[in-house]
S.K.: 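Structure below; questions to follow.
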Amino acid sequence: MSFDSLGLSAELLRAVAKQGYGTPTQVQSQAIPLILAGHDLMAGAQTGTGKTAAFTLPVLQNLMASGANGSRRVRALVLTPTRELAAQVSDSVRSYGRFLPLRSAVVYGGVNINPQMKALRAGVDVLVATPGRLLDHVTRRTVDLSKVEILILDEADRMLDMGFMPAIERVLREIPAQRQTLLFSATFADNIKKLAGRLLREPKLIEAARPNAAAEAVTQAAYFVDSERKRELLSHLIGTQNWRQVLVFTRTKHGADRLAKQLEKDGIQAAAIHGDKSQGARTRALAAFKRQSVRALVATDVAARGLDISHLPYVVNFDLPHNPEDYVHRIGRTGRGGQSGEAVSLVCAEEGGQLAAINRLLKCEIPAEVISGFEPQRRVVTRRPRTESRGRPHGGGRSAQDTRGRPGGARRKPGGRNAARS
Ligand code: AMP
């Protein structure tokens, strides 16, 4: 399958070639013809599957086909949950549309609204927005959505998780009912299905990657360690294994700040990225990380959602997430575009239940190891947490140390990071 066979125009094919993409990804080859044919779409696709191009390319083409926009009012609206994702989608719109006479803008919160108002006044064909700030523009009447022909909800599940439904409802009232609607979501939970039922008309359904399936190119490992020695172990791993670019997840904003500071003290350039940081600080941290002047980027789940860093080789779960699905999102940051990646989880005694929940979701066991010199004093037991109501009964209280050598996931030796690669 090649891009040529998908029905895209010469200008878009040129932009794709300039981007360096040889073949379409699965979601691209499925979604592009359906969107070009004018269908509504419900797509199960996570970040990393190429979903942004999967909707941007055909949307740009449909806009070209439907004619000029004399009034320069918004004709395609992309809603995303986070500022970072909005900025990335907007960059993609610009790259893929580089040979087309279409204008785009991006609006999100945390930055001055005036330049956004100016851009909107000048007129845009494609608007990428986070729901909160868009609502702000709607209330101020600084955006006109009455000519929207295509609505795209990107990472719809996360938008609902983040409580954006009321804002989305309000925005929907401004948009014509007669339109094409595309909904992208990593999972098809009941609330997403309900939303889709209301917004989409006879949608085509595609599922690029199985929801909840861990990225296959990612090598996973869990290192058992006492909580108070996690930071020391992380510095040790970064140093001895010479990790140049590692995304580290913590559960809390405070934890992210503290860890970044401690890593700096250990001589590892680090920056934290989370919701309390100004947009400027977040953009600067991400840019520094991308050009590798920051070696460890410490992030919370919400801040990291949708980060597009090509070829990110290492992801570390400094804390395990409470929600096992977040584990899948986190490790999806690596192993993209056919590159291999490694996801390492530092697991302390208090997190045994969380590790068990993740293993149940993945339907395999993440290989567990102990790094010499960091043997935990408190045993990590991966028994099923009593408080959890979801999921099926598990094998009962066994020590995760017993899981060594069990099937599931490529395992590698401590210190020998090339062992699992050839
Ligand atoms: P996304 O899922 O949209 O966040 O895209 C994930 C990454 O894959 C981005 O870095 C894209 O630039 C890249 N990408 C998208 N489509 C392709 C393709 N057909 N071939 C190679 N890389 C791609």
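Counting begins at 1 with the first residue of the sequence. All ligand and atom numbering here is 1-based and tracks the order in the structure. Bear in mind that the values here come from a model prediction, so they are computed numbers and not experimental data.
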S.K.: Mind checking whether W243 and Y314 have parallel, tilted or perpendicular rings, split at 30° and 60°?
M.R.: parallel
S.K.: Please list, in number order, the atoms of ligand 1 under 4.0 Å from a heavy atom of T52.
M.R.: 1 (P), 3 (O), 4 (O)
S.K.: Which one holds for F3 and ligand 1: side chain close, backbone close, both close, or neither close, with close meaning a heavy atom under 4.0 Å?
M.R.: side chain
S.K.: Determine whether the side chain, the backbone, both or neither of Q28 has a heavy atom under 4.0 Å from any heavy atom of ligand 1.
M.R.: side chain
S.K.: May I ask which of G50, A53, A45, P24 has a heavy atom nearer to atom 5 (O) of ligand 1 than the others do?
M.R.: G50
S.K.: Should the heavy atoms of other residues, nucleotides or ligands under 6.0 Å from CZ of R14 be counted, would the total exceed 12?
M.R.: no
S.K.: Could you say whether the N/O atoms of Y21 and ligand 1 ever approach to under 3.5 Å?
M.R.: yes
S.K.: Taking non-hydrogen atoms only, is V16 closer than 4.0 angstrom to ligand 1 via side chain, backbone, both or neither?
M.R.: neither
S.K.: Quick one, I113 and H137 - any side-chain contact, counting heavy atoms below 4.5 Å?
M.R.: yes
S.K.: Report yes if some heavy atom in the side chain of I150 is under 4.5 Å from a heavy atom in the side chain of R75; otherwise report no.
M.R.: no
S.K.: Under 6.0 Å between the ring centres of F249 and F318?
M.R.: no
S.K.: Return the set of residues passing salt bridge (charged side-chain N to carboxylate O under 4.0 Å, His left out) with R231 (not counting sequence neighbours), or none when no residue passes.
M.R.: D266
S.K.: Within ligand 1, which atoms have a heavy atom of T23 less than 4.0 Å away?
M.R.: 18 (C), 19 (N), 20 (N)
